[in-house]
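Just so it is clear: chains get the letters A, B, ... in the order the sequence lines come, proteins before strands, and each one is counted from 1.
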Amino acid sequence: MSSNESKFFTLLHTQIQYWIWQQAWNDLRDVQEQSIPIILDQKTDVIISASTASGKTEAAFFPILTKMLGRDGGLGLTVYISPLTALINDQFSRLTALCENLHIPVWPWHGGVSASVKKRFLQNPEGVLLITPESLEAVFCNHGFQVKTIFSDLQYLVVDELHSFIGSERGKQLQTLLHLMEHSIQRKVPRIGLSATLGDMNLAAQFLRDSGSCEIIEAKGENHEVKILLKGVIQKAVVSVRDDESGCDEEDVELAAVRSITSYLYKTLRGSNNLVFPNSRAKVELYTYQLSNLCTINQVPNEFYPHHGSLSKEIREEAELSLKSKEHSTTVICTNTLELGIDIGSVKSIVQIGSPPSVASLRQRLGRSGRRRGEVAILRSFTVEQELTGQLHILTELRVGTFELCAMIDLLLEGWCEPPKPNGLHLSTLVQQILALISEHGGITAPDAFHILCKDGPFKAIEKGDFLELLKALVSKKLIEQDGAGVLLHGEKGEKMANHYSFYAAFSSEEEYRVVSGSRTLGTIPIQNSLQTGDFILFAGKTWRVNEIDDESKTVMVSFHKTGRPPTFNNQGGYIHTTVRQRMKELYLSSIEPSFADGVAKQLVKEGRESFARFDLGLRKIMQKGSSVYLFTWLGDAANEAVAALLRRQGLSPYINGPVIEFFGTGATADDVIACLNRLQKNPMPDIEVLLAESKNLLKEKWDWALSDSLMKKSYASLYLDLSEAKMWIDNF
DNA sequence: GACCTGCTGCGGGGTG
């Protein structure tokens with residue numbers, strides 16, 4: 001380390017300078033250099049934005065540890081919060097290597113850490129605490145009276161993978177926890193967010209703290225060269241007669257498309273490390289099975305492993321270790337489990353089958369490829385469309401999937417991605433936090449709870465009236481009750497729920513069955529899965545027979561069998577942004593061939609444009625085909641849902657199908673829909689509660705069931721309805 | 001055609 005190249009190196013503690021020198025690092029990274037004076041100063045919040053494994057942790061901790069070592073009266077405490085336990089384990093090893101010589105204790109704290117370690121930390125809360133939001137919640141609930149002492153010497157709050165928290169229930173919980181730590185000691189503490197280079201940094205800063213100054217440190221020169229290929233695959237039409245020579249049933253038709261993709265992947269990916277994203281756990285199973293089957297048939301060692309959230313830790317680690325190993329090449333077929341910060345090194349290429357859930361997700365995925373100096377990031381994508389014969393849906397004729405994927409790749413290349421939704425009310429998390437405050441303090445008055453959580457806390461959008469309505473609902477659900485002195489306490493049901501360990505997570509989860517083969521746990525599947533003894537399943541890349549289902553221990557016993565198909569997992573979808581739909585429309589209107597498309601994909605684009613022109617969709621927003629009416633808004637899902645809700649209020653029965661709002665079998669004509677839209681232009685906007693009166697399935701978050709009807713609908717609308725976009729579109733219709 | 005994340009305290013039994 002030549003310290004003359006660095007302006008701020010000498011500001012670090014000499015022991016840390018020595019440690020850096022020992023590592024034989026040539027220079028400090030740009031973000032590390034920039035962060036030193038700002039973090040040492042302790043005057044503002046900071047966001048450090050750089051890709052995974054680019055030295056963000058060191059950028060934060062070199063100056064943090066320097067400051068702690070230089071303090072009079074002990075080291076004080078730094079709290080590091082991570083969304084993943086795996087990340088805490090990683091960081092524990094890395095930080096311990098650095099902190100051992102500095103005599104700074106590092107404390108890991110999550111569900112897998114022994115109680116004795118936690119106890120020792122509580123006796124002397126000093127050094128660096130590495131913890132999850134859920135475990136921090138547990139500290140507040142179970143050690144409420146000690147909280148003030150624990151955090152009394154708090155110096156810094158560090159949040160890793162900040163972007164993964166923004167816009168969710170868990171993010172709202174995190175904001176509350178940050179606020180509660182500061183509230184307990186009645187002073188502000190510098191917050192440091194570590195984030196991937198995604199989205200809008202000002203939004204991220206506002207999420208980290210709703211007002212105040214925040215320095216943003218962004219890594220420069222991270223734009224690597226990208227190579228992109230789009231391959232089209234045409235799926236044969238379904239033939240109903242099975243023993244017709246070319247005929248096969250629907251499932252075989254789908255399998256034929258999978259086979260055509262796998263044979264290409266087998267030839268292309270073997271011999272290097274890659275990640276394949278087919279968008280669902282069932283597809284992960286299908287592709288892994290087909291690919292490893294090809295290895296068996298060709299008598300070569302298997303290079304293909306599955307990775308998704310339902311697989312056991314052991315099976316996932318097998319895939320991760322294989323990727324990291326230098327002995328042999330590995331391709332992992334995965335869901336977005338491998339989008340997160342787990343260290344798997346750099347891979348040669350990314351395969352995306354079908355359009356990704358979002359551009360942000362595609363960008364994160366592609367960030368895994370070509371990370372070493374001089375390497376190119378490679379994206380191979382596939383679009384599968386049905387053959388153009390017989391009666392087809394209008395969306396098939398428009399090749400909508402192909403255009404969605406092209407639009408997303410286009411936006412990715414421009415550097416755009418979806419901003420997170422920071423304004424969700426997340427009243428579900430407010431319910432959790434009211435119950436948690438009661439645990440922490442042994443009871444709390446309504447005005448105190450309102451001040452801490454709403455007036456001064458992260459639920460500022462909630463006014464007093466709403467808060468009282470919420471408390472009333474919680475009383476009626478027996479979650480809370482009020483004693484003679486007006487203090488809120490847990491109710492009969494609240495007591496039970498707040499004292500169970502499942503209380504600490506802000507998000508909900510289904511009950512699941514363990515899938516076990518002999519003594520080995522393969523993973524879990526959702527409880528509602530209609531699995532029966534004697535079924536044949538495809539799981540963890542292999543096929544099994546279900547021998548026994550034990551409802552008592554929630555276990556599915558399986559053994560090897562030669563066939564099987566993937567079980568059905570839970571379905572929950574992503575939301576397409578308006579910018580993506582607008583870009584799709586532009587692509588339909590354009591005549592430029594996408595340069596990254598192969599011959600078949602170019603043909604699909606041509607067919608889509610021909611249908612678009614035939615239906616005259618450049619000018620027409622509504623069309624009738626037989627007894628069905630189709631409304632094209634080219635808006636995102638949240639705005640389309642608002643348009644549909646408004647039309648439902650007018651007596652129509654709209655059905656949202658991807659980019660189009662359909663009316664079928666209801667007798668409604670295009671003229672009827674137009675008349676309704678004209679009427680809506682003249683009418684004032686109805687209240688959310690009135691608008692959503694007929695809507696179903698609005699319970700999304702963990703505690704939504706405990707809200708009053710009107711608050712539940714407000715909370716839902718804050719996330720899933722874009723009324724202003726919908727209104728603007730209707731006014732311009 | 002559809003993701004992911006997380007979890008306490010305590011008692012009982014085994015091992016060093």
Side-chain angles (χ1 to χ4, degrees), chain A residues 81-88 109-119 122 131-144 160-161 163-171 173-174 177 235 254 257-258 277-284 286 307-311 313 316 334-342 352-358 360-362 364-365 382-386 393 395-396 400-402 404-405 432 436 439 496-510 512 524 526 566 568-576 637 656-659 701-702:
Chain A
I81 304 171
S82 155
L84 300 172
T85 58
L87 211 52
I88 287 180
W109 186 317
H110 57 69
V113 173
S114 83
S116 62
V117 172
K118 297 171 182 173
K119 210 169 158 189
L122 290 175
I131 195 165
T132 60
E134 288 72 20
S135 284
L136 196 51
E137 188 73 62
V139 170
F140 274 93
C141 291
N142 300 324
H143 306 277
D160 207 349
E161 306 274 1
H163 59 279
S164 74
F165 287 108
I166 305 177
S168 70
E169 306 146 272
R170 209 182 183 200
Q173 177 187 34
L174 173 73
L177 292 167
Q235 190 173 305
E254 208 189 306
V258 173
F277 293 93
N279 292 348
S280 75
R281 285 171 284 187
K283 287 264 166 71
V284 165
L286 209 53
H307 197 285
H308 60 71
S310 292
L311 293 175
K313 206 171 150 194
R316 287 200 245 177
C334 58
T335 57
N336 52 5
T337 42
L338 287 184
E339 247 176 56
L340 300 165
I342 306 165
Q352 175 63 51
I353 302 171
S355 55
S358 65
S361 169
L362 182 61
Q364 186 92 317
R365 291 172 182 184
F382 289 85
T383 177
V384 182
E385 299 276 4
Q386 266 183 58
H393 192 276
L395 294 181
T396 308
V400 156
T402 303
E404 190 178 281
L405 183 50
Q432 182 204 28
S439 295
K496 274 193 201 126
M497 299 186 78
N499 287 322
H500 192 263
Y501 67 88
S502 60
F503 175 75
Y504 309 119
F507 54 89
S508 61
S509 52
E510 306 292 336
E512 293 190 314
T524 57
T568 45
F569 296 93
N570 287 336
N571 301 333
Q572 262 188 54
Y575 276 71
I576 302 290
D637 288 331
I656 301 175
N657 187 1
E701 302 184 340
K702 189 176 183 180

* **Nearest-Å distance for atom pair OH/C1', residues A/Y575 and B/dC3** => 14 Å
* To do: Would you kindly compare A/H308 and A/A115 by the position of their nearest DNA chain B nucleotide and give the one closer to the 5′ end?
  => A/H308
* OP1 or OP2 of B/dA2 less than 4.0 angstrom from a side-chain nitrogen or oxygen of A/K283, does that happen here? -> yes
* Mind calculating the distance between CD (A/E701) and P (B/dC4) to the nearest angstrom? => 19 Å
* Asked: Can you tell me how far CD1 of A/I166 sits from CD of A/E161, rounded to the nearest 0.5 angstrom?
  -> 11.5 Å
* Asked: Under 4.0 Å: is that the gap between some side-chain N or O of A/R170 and OP1 or OP2 of B/dG6?
  -> no
* Nucleotide B/dC4, atom P - distance to CZ of A/R365 in whole Å -> 10 Å
* Is A/T132 near enough to B/dG6 that one of its side-chain N or O atoms lies under 4.0 angstrom from OP1 or OP2? -> no
* How many Å lie between CD1 on A/I656 and C1' on B/dG1, as a whole number? -> 16 Å
* Asked: Between the side-chain atoms of A/S509 and the base atoms of B/dG6, is any donor-acceptor pair under 3.5 Å?
  -> yes
* Starting from P on B/dG9, measure out to NE2 on A/H500 and report it in whole angstrom. => 13 Å
* Can A/H110 and A/T132 be counted as having a side-chain donor-acceptor contact under 3.5 angstrom? -> no
* To do: Could you check how far CG of A/N336 sits from C1' of B/dC3, rounded to whole Å?
  => 4 Å
* Asked: According to a strict under-4.0 Å criterion, is A/K119 in side-chain N/O contact with OP1 or OP2 of B/dG9?
  -> no
* OP1, OP2 of B/dC4 versus side-chain N and O of A/R316: anything below 4.0 Å? -> no
* To do: Answer yes or no: is there a donor N or O on one side and an acceptor on the other, between the side chain of A/Q173 and the main chain of A/Y504, under 3.5 Å?
  => yes
* **Phosphate OP1/OP2 of B/dG9 contacted by A/N142 side-chain N/O (<4.0 Å)** => yes
* Asked: Counting just side-chain N and O atoms, does A/T85 come under 4.0 Å of either OP1 or OP2 of B/dG6?
  -> yes
* Asked: About how many Å separate SG of A/C334 and CG of A/L311, when rounded to the nearest 0.5 Å?
  -> 11.0 Å
* Which atom names give the shortest non-hydrogen contact between A/K702 and A/S502, and what distance separates them? -> NZ-O, 2.7 Å
